[in-house]
Amino acid sequence: MSALLNAPQREAIYYLDGPCLVLAGAGSGKTRVITHKIAHLINGCGISANNIGAITFTNKAAKEMQERVAHLMGGRAPGGLTVCTFHALGVRIIRQEALHCGLKKQFSILDASDTVQIVSDVASEGDKGIAKQMQWQISSWKNAMIPPEEAVKLADNELSFAAAKVFGEYERTLRAYQAVDFDDLISLPVHLFETNDEVRERWQNRLRYLLVDEYQDTNRAQYRLLRQLCGVRGAFTAVGDDDQAIYAWRGADVENLRLLQKDYPKLRVIKLEQNYRSSRRILEAANTVISHNEKLFEKTLWSEHGPGEQIAVTNCRDAEHEAEWVAMKITAHKFEARTRFKDYAILYRGNHQARIIEQQLRNQRIPYVMSGGQSFFDRAEIRDLLSYLRLLLNPDDDLAFIRSLTTPRRGIGPSTIEALGRYSASRHVGLFAAMFEEGASVHLTPKQLEGLREFGDFINRIQYRAQREPAGQVLEDLLLAIRYEAWLFEHCGTREAESKWSNVRDFVGWLTRKGEEDGKNLLELTQTIALISMLDKEDPDFDGVQLATLHASKGLEFPHVFLIGVEEGMLPHQSSIDEDKVDEERRLMYVGITRAQRSLNITYCERRKMGKESRVCEPSRFIAEMGGDIKMNDRKAAAPVTKEEGKARLANLMAMLESRDKNGAG
DNA sequence: GCACAGATGATTTTT
DNA sequence: TCATCTGTGC
């Protein structure tokens, strides 16, 4: 990438006279604009780093941005600069203004499974699937800043009616636990700013210039937070791309782009249309596909790169065939082009499509890495440990109390917890506080009480130490005291226990490191953990083919991309076709195409297994929408390959590859 | 009535 | 893969 900035990039960086929207096409250098603008604000305009905030959606993006700012400014990020996610900013605001939010500073942050648990409890809904859907509905309302009273009026089906009925109680339960969910991290600050001028002005003075990444992904609540923070001054730069808005289903509202123009009539709109990533044929296909969508802002990507290879579309018999072909093609291409495995990505619509690909890659000895997957902090063993940390921080957190009380088992069963629960409800205090009250002895047997208080004393002792001693040591002692390792091996198979214990070790190691780096104690660390989903320990040196969903691939780029399962019903997905939401699927296709730098291979299956039957599939409409400059690769025209022949060819290829690598290395 | 093995079948999931 | 469903054996 050239070190020079192009004209629109410069314009975006130096424009400071008012609100600014940068429409940054795929691969047009948007992160560069944001980081250079931060540097310019500090070095060129004399604005203190303390007064600048750069807001992203993911921790990964925040981290990358911080690193790039540091790099720009001579290796060290300026102290006081705020580069964080929306939710991390929310945590900071709530922590500082806790009293105004009706919370204590040590509030708990609940994750998805905690909130489903609460909905399920409040609604007396045994079915976790239904509770999940109800929680989803409540979350959507909260993202749109719709309070329970309004939600009751808006409910229009059985599920949303049930959700509306428990919404209020759900909110009260959260407050009773001194807890917030992810949505509260945005909506509580919004509510605070909208009702308290003094607090709002304080924060407006604190963050005098805001930069927002991936603006098209903001939801209503996030937009209102930005608006409150910016006030009428409108000192902000929002960077986004409406063509890459693929999170509408999660509450992101592209309408926020229109709102920006409406709410800030002086908004300066700057388009970044020069693409530095892909060859011309790939860009043209992307442009042609996306031109089928109605657009708010017209934008056409162009590139100084050469035309590059033709995009190839290959038909496959079924998913297995497809996986086999992709794996084979990668091996062959790698051999010819002398590339690395990490130069390739296989992208797909749904996670389940990865399974069959993985199988083939393993068969053909191709190393791979999968992005996404379930979050590290969602694992049972990590959540077990986390429940202790949460309880140490916030004794009102009843969910954490119950989980840590019962994991590992301490001979305290449901009847004891139920009795304690009845008493605590009558006293309007948390479970932890309730068991130390005199009155508890009326509802609980002396033996029950003894067990509970022993646990309570244990927690109190650890809590005392957690405030003073380094995180690592306290955690090690806690694990020993609850005999967690032994419990794992008693409860699971050896292999499973080993893997779980190793995860726990990773977690402890991570916390210890964090504690030392930031000089924070265990309690201070706990709150930030909830906002992290992945432990950033991915090895950048590992050479493997990247597997990712189209959603997870946003923001990444690869020399060679395979886009698989490009069929009607798959991409666009059937439910999107049914609900008339093909636009978003088209943007997904656009995101997929624009990940590719040099070559793009698209495959589709002619049949796909649906239960026992195998249904005939049509190639996706998006293939036709890419225009004519495509190489159609008809596999049926080629000589049929039997399994044996295929294996023999593969063995041949592998042998060639191995001998070449040996020679090359020696 | 329950625990468990085996089958089944699937949107996407930044915090 | 993983969560959920189904049928079996006690």
Side-chain angles (χ1 to χ4, degrees), chain A residues 55-64 84-91 109-116 127-130 132 135-136 139-140 142-143 180-187 212-219 221-222 225 240 244-252 319 347-359 362 370-380 493 527-534 547-556 565 567 569-579 581-582 584-585 587-589 591-592 608-613 615:
Chain A
I55 316 297
T56 64
F57 274 84
T58 65
N59 292 305
K60 199 173 147 199
K63 199 180 159 206
E64 191 197 339
C84 66
T85 63
F86 268 100
H87 292 84
L89 177 65
V91 173
I109 302 168
L110 305 183
D111 63 27
S113 53
D114 291 319
T115 55
V116 171
D127 188 327
K128 271 279 148 64
I130 293 174
K132 225 180 213 164
Q135 199 280 327
W136 171 267
S139 174
S140 315
K142 291 179 79 162
N143 282 159
V180 299
D181 61 19
F182 284 139
D183 307 319
D184 284 327
L185 294 178
I186 312 299
S187 62
V212 186
D213 190 24
E214 305 279 15
Y215 175 76
Q216 78 283 352
D217 288 339
T218 51
N219 62 37
Q222 284 158 339
L225 182 62
Q244 292 186 74
I246 53 176
Y247 284 104
W249 53 276
R250 253 191 130 243
L347 308 179
Y348 37 82
R349 178 70 235 261
N351 270 314
H352 61 280
Q353 291 173 272
R355 198 198 52 122
I356 202 152
I357 294 283
E358 277 186 280
Q359 209 171 23
R362 272 199 295 265
M370 238 168 90
S371 72
Q374 94 293 11
S375 127
F376 181 80
F377 292 91
D378 267 351
R379 294 167 196 272
Q527 225 165 30
T528 54
I529 296 169
L531 297 181
I532 305 165
S533 64
M534 234 75 79
L547 268 59
T549 63
L550 286 163
H551 284 90
S553 77
K554 196 170 74 162
L556 307 176
E567 303 132 34
M570 231 27 197
L571 180 67
H573 194 272
Q574 189 56 48
S575 48
S576 299
I577 300 173
D578 296 343
E579 289 168 51
K581 288 175 179 161
V582 178
E584 180 143 316
E585 299 284 306
R587 291 192 287 270
L588 217 38
M589 179 76 179
V591 166
R608 197 169 276 278
K609 255 189 267 168
M610 286 288 208
K612 276 180 188 164
E613 280 131 81
R615 287 230 320 254

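Chain A is the first sequence line, chain B the second, and so forth, proteins listed ahead of strands; every chain is numbered from 1. Only this structure's heavy atoms are used, side chains among them; waters, hydrogens and symmetry mates stay out. Only a predicted model underlies this, so the values are computations on that prediction, with no experimental measurement involved.
Of all nucleotides listed (C:dT1, B:dT13, B:dT11), B:dT11 comes nearest to the side chain of A:Arg349. Of the candidate nucleotides B:dT11, B:dT15, B:dT12, B:dT15 has the atom lying nearest to any side-chain atom of A:Arg250. When distances are taken from the side chain of A:His573 to each of B:dT14, B:dT11, B:dT13, the shortest belongs to B:dT11. The side chain of A:Trp136 has B:dT13 as its nearest neighbour among B:dT13, B:dT15, C:dT1. For A:Lys132, the listed nucleotide lying nearest its side chain is C:dT4; candidates were B:dT15, B:dT11, C:dT4. Nearest to the side chain of A:Asp217, among C:dT4, B:dT14, C:dT1, sits B:dT14. The nucleotide whose nearest atom lies closest to any side-chain atom of A:Tyr247 is, among B:dT11, C:dT4, B:dT14, B:dT14. Of the listed nucleotides (B:dT13, C:dT1, B:dT15), B:dT13 has the atom at the smallest distance from the side chain of A:Asn351. Distance from the side chain of A:Phe57 is smallest to B:dT14 among B:dT13, B:dT14, B:dT11.
Ring-to-base geometry places A:Trp249 in a stacked arrangement with B:dT12 (centre distance under 5.5 Å, plane angle under 30°). A:His551 does not qualify as a stacking partner of the B:dT12 base, lacking a centre-to-centre distance under 5.5 Å together with planes within 30°.
Protein atom CG of A:Asp127 is 13 Å distant from nucleotide atom C1' of C:dA3, rounded to whole Å. Atoms CD (A:Gln244) and P (B:dT14) sit 17 Å apart, rounded to a whole Å. Computed from coordinates, the A:His352 NE2 to C:dT4 C1' distance equals 16 Å when rounded to whole Å. In this structure, A:Lys554 places its NZ atom 17 Å from P of B:dT12, rounding to the nearest Å. Counting to the nearest Å, the P atom of B:dT14 and the CD atom of A:Gln216 are 16 Å from each other. The interatomic distance linking A:Gln353 (CD) with B:dG9 (P) rounds to 17 Å, in whole Å. Residue A:Ile55 contributes atom CD1, which lies 14 Å from atom C1' of B:dT15 at whole-angstrom precision. Here the P atom of nucleotide B:dT15 and the CG atom of A:Asp213 are 13 Å apart, to the nearest Å.
Checked by atom type and distance alone, the side chain of A:Gln244 never pairs as donor or acceptor with a backbone atom of A:Lys554 at under 3.5 Å.
A sub-4.0 Å separation between OP1 or OP2 of B:dT15 and a side-chain N or O of A:Asn59 is present.
A donor-acceptor pair shorter than 3.5 Å cannot be found between the side chains of A:His87 and A:Thr85.
In this structure A:Asp111 satisfies the side chain to side chain donor-acceptor pair (under 3.5 Å) test together with A:Ser113, A:Arg383, sequence neighbours excluded. Considering only residues two or more places apart in sequence or on other chains, A:Ser140 meets the side chain to side chain donor-acceptor pair (under 3.5 Å) condition with none of them.
Taking atom C1' on both nucleotides, C:dC5 is separated from B:dT12 by 24 Å, rounded to a whole Å.
Using a 4.0 Å heavy-atom cutoff across all strands shown, A:Thr549 reaches sugar-phosphate atoms only and no base atom.
In summary, A:Glu358 and A:Arg355 do not engage in a salt bridge, as defined by a charged side-chain N under 4.0 Å from a carboxylate O.
For A:Arg615, the CZ atom counts as loosely surrounded, since its 6.0 Å shell holds 12 or fewer non-hydrogen atoms of other residues, nucleotides or ligands.
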